[in-house]
Amino acid sequence: MKTIIANWKANPASFPEARDLFVQEVAGASRHASIKTVICPPFVYLAKLFPLLQSDFSVSTISTGVQDMGEFAEPFTGKISLEAVRHFGARYALVGHSDRRYILGEDDEMINRKLKAALSVGIIPVLLVGEKERDDYREDVLAGQLLKGLTGLDSAEVKKVLVVYEPVWAISTRPDSQPDTPASALAAVNMIKEIISKNWKLDQNDIPVLYGGSVNEHNILNFMERPEIGGAVVGGASLNAEKFEQILALTEMA
Ligand code: PGA
């Protein structure tokens with residue numbers, strides 16, 4: 001079963017807009033129940049959106065996630081506590097998004113603490129990895145981010161993590177961005193599976209790896225028709241409910 005994750009980032013600007021988008025996307029996702037859909041709105045809206053998920057038309061394949069979470073048990077100023085994340089119904093947490101790695105200065109040690117914190121309260125961590133520039137040596141970057149990010153986890157725990165190959169240069173908010181080609185994304189996905197299976201003695205089929213970076217309704221099918229690619233993280237295109245539903249429909253066809 002493929003997983004499509006909507007990363008709204010810090011959008012939209014107001015709660016009424018967020019509510020409309022959420023209601024439309026949940027209705028759309030309900031029509032494509034063979035796909036796991038995860039909607040990650042800004043945390044400030046989550047408390048009010050989550051109850052809408054329990055409405056009549058939603059199905060069990062739709063969940064919500066957070067775009068970040070605190071990693072400490074102590075109540076530090078401004079941090080989002082693990083209790084709050086759980087209380088507001090999030091089942092997934094994005095960890096290590098490039099905005100946070102490169103703009104907000106998160107390092108692999110912090111990402112590792114967040115992964116462990118998420119697992120400790122039963123939240124599925126979504127670990128985003130990928131090189132920053134097109135000509136960075138991809139294999140080294142992926143191996144470094146995976147080995148440090150997943151350090152200290154046993155194979156049963158690693159199996160619970162959803163890994164996303166998201167090259168930073170392909171993210172739509174970057175100047176001159178372009179999606180990766182499906183063939184190159186597939187090569188990276190296989191590289192990730194190999195690194196994890198070698199280090200944690202897991203079968204590659206038990207390691208779901210998704211793709212992210214300028215995914216839209218025009219290119220999703222090319223990525224999703226590769227069985228090795230377990231789904232996608234969708235940023236910009238997830239802010240339009242119609243486009244997002246087309247992405248789900250095309251994933252279902254793949
Ligand atoms: P994009 O964003 O789909 O707009 O490229 C993806 C992301 O930042 O997770």
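Position 1 is the first residue of the sequence, and the numbers go up from there. When reading the values below, keep in mind they use all heavy atoms of this one structure, side chains included, and skip hydrogens, waters and symmetry mates. Note that the structure is predicted; figures quoted are calculated from it, not measured. Order of listing sets the numbers, starting from 1, for every ligand and every atom in it.
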Please list, in number order, the atoms of ligand 1 under 4.0 Å from a heavy atom of [X].
| X | answer |
| --- | --- |
| G213 | 5 (O) |
| V233 | 9 (O) |
| I171 | 2 (O), 5 (O), 8 (O) |

Side chain or backbone of N7 under 4.0 Å from ligand 1, or both, or neither, by non-hydrogen atoms? side chain
Which one of R101, R113, H97, K114 satisfies the side chain to side chain donor-acceptor pair (under 3.5 Å) criterion with E106? K114
Cationic N near anionic O, under 4.0 Å, D180 to R138: yes
Nearest protein heavy atom with distance in Å, relative to [atom]:
| atom | value |
| --- | --- |
| atom 3 (O) of ligand 1 | G235 N, 2.8 Å |
| atom 2 (O) of ligand 1 | K9 NZ, 3.3 Å |
| atom 6 (C) of ligand 1 | E166 OE2, 3.4 Å |

Nearest heavy atom to atom 4 (O) of ligand 1, choosing from A6, G130, P167, S172, belongs to S172
Nearest option to atom 7 (C) of ligand 1, as decided by whichever heavy atom of H97, R174, Q67 sits closest: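 Of the listed residues, H97 has the closest heavy atom.
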Min heavy-atom dist G212 to ligand 1 below 4.0 Å: no
Among V38, L127, V164, I5, which residue satisfies the side chain to side chain contact (heavy atoms under 4.5 Å, CB included) criterion with L94?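 Option passing the side chain to side chain contact (heavy atoms under 4.5 Å, CB included) with L94: I5.
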In chain order, what residues pass the ring-ring contact (aromatic ring centres under 6.0 Å, His included) check against Y137, with sequence neighbours excluded?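 Per chain and number, Y137 pairs via ring-ring contact (aromatic ring centres under 6.0 Å, His included) with no residue.
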Heavy-atom closest pair, residues P208 and L162: CG-CD2, 3.5 Å
Under 6.0 Å from the six-membered ring centre of F72 and within 45° of its axis: does the NZ or CZ of K79 meet both? no
D206 (side chain) donor-acceptor with L202 (main chain) under 3.5 angstrom: no
Does anything in residues 199-223 form a ring-ring contact (aromatic ring centres under 6.0 Å, His included)? List the pairs, not counting sequence neighbours.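 For residues 199-223: Y211-F223.
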Counting both backbone and side chain atoms, is some N or O of G236 under 3.5 Å from an N or O of ligand 1?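 Indeed, backbone or side chain, G236 has an N or O that close.
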